[in-house]
A.B. asks: 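Right, I'll just put the structure down here and ask away after.
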Amino acid sequence: MRVFGLRAHAGTSPDDRNSMPEDYTLILILLALGVMMWWSGRRARARQKEAARFRDLLAPGQEVMTGSGFFGTVTAVDGDRITLTSEGSRSVWLRQAIAKVVEPETEASDGAELEHADDAASDPTPDDRDQPHS
């Protein structure tokens, strides 16, 4: 009779009781679980360190996004208090609320946006179509 891959000791010789279990399935599953837990914890710690490092390097003039999606420019850094300005409004945020630094857009994407804006301007809007022409 086997229990969790081990043979029962009843009716076996003393030599059989000292031998290694033949079925390693449970041991392999537990080992695989342990490795997966260690690996995911390692990656999470690396992400936390990277986030802490970029938050420590925040400086006035950087454009950032908070965890809630607020975009603003850093105007002051006072310990854990970060002052952001956006379109004339000023707000103070906790350093940990800053999710990422917004990368400046490239000139190629600006040109594509301008072309798209020109196309949209030439198309009549629903409001223009509803108005009678005189």
Side-chain angles (χ1 to χ4, degrees):
M1 172 169 41
R2 289 179 181 256
V3 178
F4 294 112
L6 301 174
R7 285 185 258 159
H9 296 296
T12 59
S13 67
D15 293 332
D16 288 342
R17 276 186 254 136
N18 294 330
S19 67
M20 294 293 290
E22 294 173 8
D23 187 33
Y24 296 105
T25 307
L26 181 63
I27 294 170
L28 289 175
I29 289 172
L30 292 175
L31 182 64
L33 273 170
V35 168
M36 288 188 312
M37 288 173 55
W38 173 79
W39 185 259
S40 69
R42 182 174 167 250
R43 289 188 349 200
R45 280 190 301 277
R47 283 192 304 265
Q48 288 173 349
K49 283 182 183 178
E50 176 64 25
R53 186 183 68 75
F54 106 81
R55 286 185 186 118
D56 289 340
L57 299 176
L58 287 174
Q62 290 180 311
E63 187 165 346
V64 297
M65 183 184 87
T66 66
S68 62
F70 181 81
F71 288 89
T73 303
V74 176
T75 55
V77 177
D78 182 26
D80 279 346
R81 297 169 56 112
I82 308 294
T83 304
L84 299 180
T85 304
S86 178
E87 297 183 13
S89 66
R90 186 178 73 98
S91 58
V92 179
W93 294 78
L94 187 64
R95 184 180 295 268
Q96 286 77 12
I98 308 300
K100 67 179 185 175
V101 174
V102 177
E103 298 297 324
E105 294 183 14
T106 61
E107 289 183 25
S109 67
D110 289 342
E113 289 175 10
L114 289 176
E115 289 176 17
H116 180 49
D118 290 340
D119 292 340
S122 65
D123 292 337
T125 62
D127 294 334
D128 291 336
R129 283 184 258 154
D130 293 338
Q131 301 296 327
H133 296 286
S134 36

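Predicted model, so just to flag it, every value in this text is computed and none were measured. Just so you know, these numbers use all the heavy atoms, side chains as well, and skip hydrogens, waters and symmetry mates.
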A.B. asks: Who passes side-chain contact (heavy atoms from CB on, under 4.5 Å) against Leu33, sequence neighbours left out?
C.D. replies: Ile29, Met36

A.B. asks: To check you understand the geometry: which heavy-atom pair defines the closest contact between Leu84 and Thr75, and what is its length?
C.D. replies: N-OG1, 4.3 Å

A.B. asks: What residues join Phe71 in its hydrophobic cluster, counting side-chain heavy atom gaps under 4.5 Å, either direct or through other members?
C.D. replies: Met65, Val102

A.B. asks: Hey, could you give me each pair passing side-chain hydrogen bond (donor to acceptor under 3.5 Å, both in side chains) that has a residue in residues 59-69? Not counting sequence neighbours.
C.D. replies: Thr66-Ser68

A.B. asks: Let me check something: any side-chain donor-acceptor pairs from residues 46-53 under 3.5 Å, sequence neighbours excluded? List them with distances.
C.D. replies:
unit_1	atom_1	unit_2	atom_2	d
Glu50	OE2	Arg53	NH2	3.0

A.B. asks: Among all residues two or more places apart in sequence or in another chain, which pass the salt bridge (charged side-chain N to carboxylate O under 4.0 Å, His left out) test with Arg90?
C.D. replies: none

A.B. asks: Quick one: ring pair (Phe, Tyr, Trp, His ring centres under 6.0 Å) partners of Phe70, sequence neighbours excluded?
C.D. replies: Trp93

A.B. asks: Tell me, please, which residues at least two apart from Glu103 pass salt bridge (charged side-chain N to carboxylate O under 4.0 Å, His left out).
C.D. replies: none

A.B. asks: Suppose the criterion is salt bridge (Lys or Arg N to Asp or Glu O under 4.0 Å): which pairs have a residue in residues 78-88, not counting sequence neighbours?
C.D. replies: Asp80-Arg95

A.B. asks: Gly72 and Ser86: which non-hydrogen atoms are nearest, and at how many Å?
C.D. replies: CA-CB, 4.1 Å

A.B. asks: Going by side-chain hydrogen bond (donor to acceptor under 3.5 Å, both in side chains), name the pairs with one or both residues in residues 34-46, residues two or more places apart or in two chains.
C.D. replies: none

A.B. asks: Which heavy atom of Arg55 sits nearest a heavy atom of Gln96, and at what distance?
C.D. replies: NH2-O, 3.5 Å

A.B. asks: Connecting only ILVMFWY residues whose side-chain heavy atoms lie within less than 4.5 Å of each other, what is the rest of Met37's hydrophobic cluster?
C.D. replies: none

